[in-house]
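Notes follow the structure.
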Amino acid sequence: MRIALLGPPGSGKGTQAQRICEAFGLVHLASGDILRAVKASGSPLGQKLREFIDNGLLVPDDFMVELMRQNILGLSRGFVLDGFPRTLPQARALSRMLFENDRPLMLVLNFVVDPEALARRFAGRRVCPVCQAVYHVDSQPPRVAGICDKEGAKLIIRDDDRPEVVQKRIVTFQQTMAPIVAYYTQLGNFKTIDASATIDDVTKIVLDKIRRHFE
Ligand code: G5P
Ligand code: MG
C-alpha cells in the first residue's frame with residue numbers, strides 16, 4: 001500500500017498515520033518529523049529550516065521534494081506519507097518520482113476537521129522531543145502526566161504550536177490545498193474523511209476506508 005494523508009495542521013495526520021502503519025505494516029514518513037529532526041541537529045541547514053518552520057512558512061518545494069525523494073525511494077515496503085505533498089508542484093513531483101519507479105500512489109485520504117475541534121487539539125497537544133510521539137492532555141494522555149510512554153522523556157509543546165504560528169499555518173494550508181485536492185480528485189483514488197470525532201472513531205473510519213479500497 002502507498003497512501004498519502006492530506007489535511008490541515010492538527011487534523012490528526014500523524015496520529016492516524018501511526019495507527020494505519022501498525023495495522024498494515026507500513027512505513028510512516030512524516031515530512032514535518034523529518035524536518036524537525038534536521039532542525040534539532042543545530043546544523044546550518046537546521047538553522048535555516050527553523051526560520052521556515054517556526055514561522056509557519058512552507059519549506060521551498062525543490063528542497064522538500066529532494067528530501068522526500070531520499071526517504072521514499074529507498075523503501076522496499078509500502079508507506080504512508082504525512083504532510084507531503086503540500087503544494088501542487090510537490091504533488092506533481094511525487095507522481096513523477098513514483099511513476100518512474102513503477103510504484104504509484106494508491107490512495108489519498110483528505111482529513112476534514114471543523115475549526116473548533118482543531119483549536120482544542122492544538123491547545124492540548126504535547127510531543128516527545130526524542131521520538132516525536134504525539135499526545136493530547138485530554139484525549140490521548142500519556143500513562144504518566146507529561147512523560148513520554150516510550151522514551152520516558154519530558155513532553156514539550158512544539159515551537160510552531162504558539163497560537164500566532166498556528167494561525168499562520170492554517171492560512172498557509174488554506175492557500176495551498178485547493179489545487180492539490182483538485183489534482184488528486186482528477187487522478188482518482190481520492191477520499192475525504194470526516195476526522196472530527198474521537199481518535200478511536202476516526203481510526204475505525206480510516207481503517208475501514210482503506211480495507212474497502214484495497215479489497
Ligand atoms: P507538519 O509537522 O507536517 P502539520 O501542520 O501539517 O505539521 P501537524 O500539526 O503535525 O500537522 P497532524 O499531524 O495533522 O498535525 O495532527 P496530530 O499531531 O496527529 O494531532 C493533533 C492533536 O490532535 C494531537 O494532540 C492528537 O492527540 C489529537 N488528535 C489526533 N487525531 C485525533 C482525532 O481523530 N480525534 C481527536 N479528538 N483528537 C485527535 O509540518 C510542520 C511544518 O514543517 C514544514 C512547514 O514549515 C510546516 O508548517 N513542512 C513543510 N514545508 C513544505 N512542504 C512540506 N511538504 C512540508 N511538510 C512540513
Ligand atoms: Mg503531524
Side-chain angles (χ1 to χ4, degrees), residues 4-21 28-40 46 48-69 71-72 80-94 109-114 116-128 132-142 149 155-162 164-177 180 193-207:
L5 306 184
L6 309 181
S11 57
K13 301 182 296 297
T15 302
Q16 300 298 339
Q18 195 66 43
R19 291 170 170 220
I20 298 169
C21 289
H28 179 191
L29 282 180
S31 52
D33 288 351
I34 295 169
L35 291 168
R36 279 186 288 277
V38 180
K39 190 185 100 166
K48 187 82 202 143
L49 289 177
R50 180 181 296 277
E51 290 168 26
F52 292 100
I53 299 170
D54 291 0
N55 289 302
L57 301 171
L58 291 184
V59 173
D61 287 335
D62 288 351
F63 176 85
M64 236 21 253
V65 168
E66 195 41 45
L67 183 69
M68 295 308 287
R69 180 194 303 277
N71 280 276
I72 293 170
V80 177
L81 296 178
D82 152 15
F84 180 86
R86 231 178 176 93
T87 65
L88 188 55
Q90 290 182 16
R92 290 199 167 121
L94 175 67
L109 297 177
N110 184 33
F111 285 19
V112 177
V113 179
D114 69 71
E116 283 172 20
L118 272 190
R120 281 195 298 276
R121 291 183 191 186
F122 275 118
R125 174 162 60 182
R126 302 289 182 271
V127 296
C128 173
Q132 312 219 33
V134 176
Y135 298 88
H136 189 280
V137 291
D138 300 319
S139 60
Q140 197 183 15
D149 292 345
L155 300 179
I156 58 166
I157 297 175
R158 252 166 63 171
D159 291 336
D160 60 347
D161 272 358
R162 284 173 288 133
E164 66 277 17
V165 183
V166 166
Q167 197 46 40
K168 177 82 185 105
R169 288 162 58 201
I170 290 174
V171 169
T172 303
F173 169 81
Q174 288 164 343
Q175 287 169 342
T176 50
M177 260 303 139
I180 305 185
I193 303 275
D194 179 353
S196 298
T198 64
I199 297 178
D200 287 346
D201 285 347
V202 174
T203 302
K204 279 195 203 111
I205 296 169
V206 168
L207 296 185

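In listed order, ligands and their atoms are each counted from 1. All heavy atoms count here, side chains included; hydrogens, waters and symmetry mates do not.
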Of Arg169, Arg36, Arg50, the one whose closest heavy atom lies nearest atom 41 (C) of ligand 1 is Arg36
If you measure from each heavy atom of Gly7 to ligand 1, is any distance below 4.0 Å? no
Could Arg36 and Asp159 be called an ion pair, given the rule that one side-chain N must be under 4.0 Å from one carboxylate O? no
Honestly, for Gln90 the part within reach of ligand 1 (heavy atoms, under 4.0 Å) is side chain
Between ligand 1 and Asp160, is the shortest N or O to N or O distance under 3.5 Å? no
- prompt: Quick one: does Met68 get a heavy atom under 4.0 Å from ligand 1?
  reply: no
Exactly one candidate in Val65, Ile72, Leu67 meets side chain to side chain contact (heavy atoms under 4.5 Å, CB included) with Arg69; the answer is Val65
If you compare Glu51, Lys168, Arg125 by their heavy atoms, the one closest to atom 8 (P) of ligand 1 turns out to be Arg125
Exercise for the section: Please examine the side chains of Arg162 and Val165, heavy atoms only from C-beta on, and report whether any two atoms are closer than 4.5 Å. Expected result: yes
Say whether Gly10, considering both its backbone and side-chain N or O atoms, lies within less than 3.5 Å of an N or O atom on ligand 1.
yes
Of Ser11, Gly83, Gly12, the residue with the heavy atom nearest atom 55 (N) of ligand 1 is Gly83
Would Gly124 count as a contact residue for ligand 1, given that I'm defining contact as a non-hydrogen atom of the residue lying under 4.0 Å from a ligand atom?
no
- Message: Any nitrogen or oxygen of Leu58 lying under 3.5 Å from a nitrogen or oxygen in ligand 1? Just yes or no.
- Response: no
- Message: Any heavy atom of Gln18 closer to ligand 1 than 4.0 angstrom?
- Response: no
Under 3.5 Å between some N or O of ligand 1 and some N or O of Asp161? no
Donor-acceptor pair, distance only, cut-off 3.5 Å: does the side chain of Lys13 make one with the backbone of Phe111? no
Within the 4.0 Å heavy-atom cut-off, what Thr198 brings close to ligand 1 is backbone
Of Val59, Leu6, Leu57, Thr176, the residue with the heavy atom nearest atom 46 (O) of ligand 1 is Leu57
Looking only at non-hydrogen atoms, the one of Thr203, Val202, Ile199 nearest atom 29 (N) of ligand 1 is Ile199
- prompt: Run the salt bridge (charged side-chain N to carboxylate O under 4.0 Å, His left out) check on Lys168 and Asp54 step by step: do they pass?
  reply: CA-CA 10 Å; Lys168 177 82 185 105; Asp54 291 0; over 6 Å; no
State whether the shortest distance between N or O atoms of Gln140 and N or O atoms of ligand 1 falls below 3.5 angstrom.
yes
If you scan protein heavy atoms around atom 50 (C) of ligand 1, the nearest is Leu35 CD1, 3.8 Å
Check your understanding: Please walk me through it: do Arg19 and Asp200 pass salt bridge (charged side-chain N to carboxylate O under 4.0 Å, His left out)?
Key -> CA-CA 10 Å; Arg19 291 170 170 220; Asp200 287 346; 2.8 Å; yes
query: Are any of the heavy atoms in Pro85 under 4.0 Å away from ligand 1?
result: no
Original post:
Is any N or O atom of Arg86, backbone or side chain, closer than 3.5 Å to an N or O atom of ligand 1?
Top reply: yes
**OP:** Kindly indicate whether the side chain of Asp138, heavy atoms from C-beta on, has any atom under 4.5 Å from the side chain of Arg120.
**Re:** no
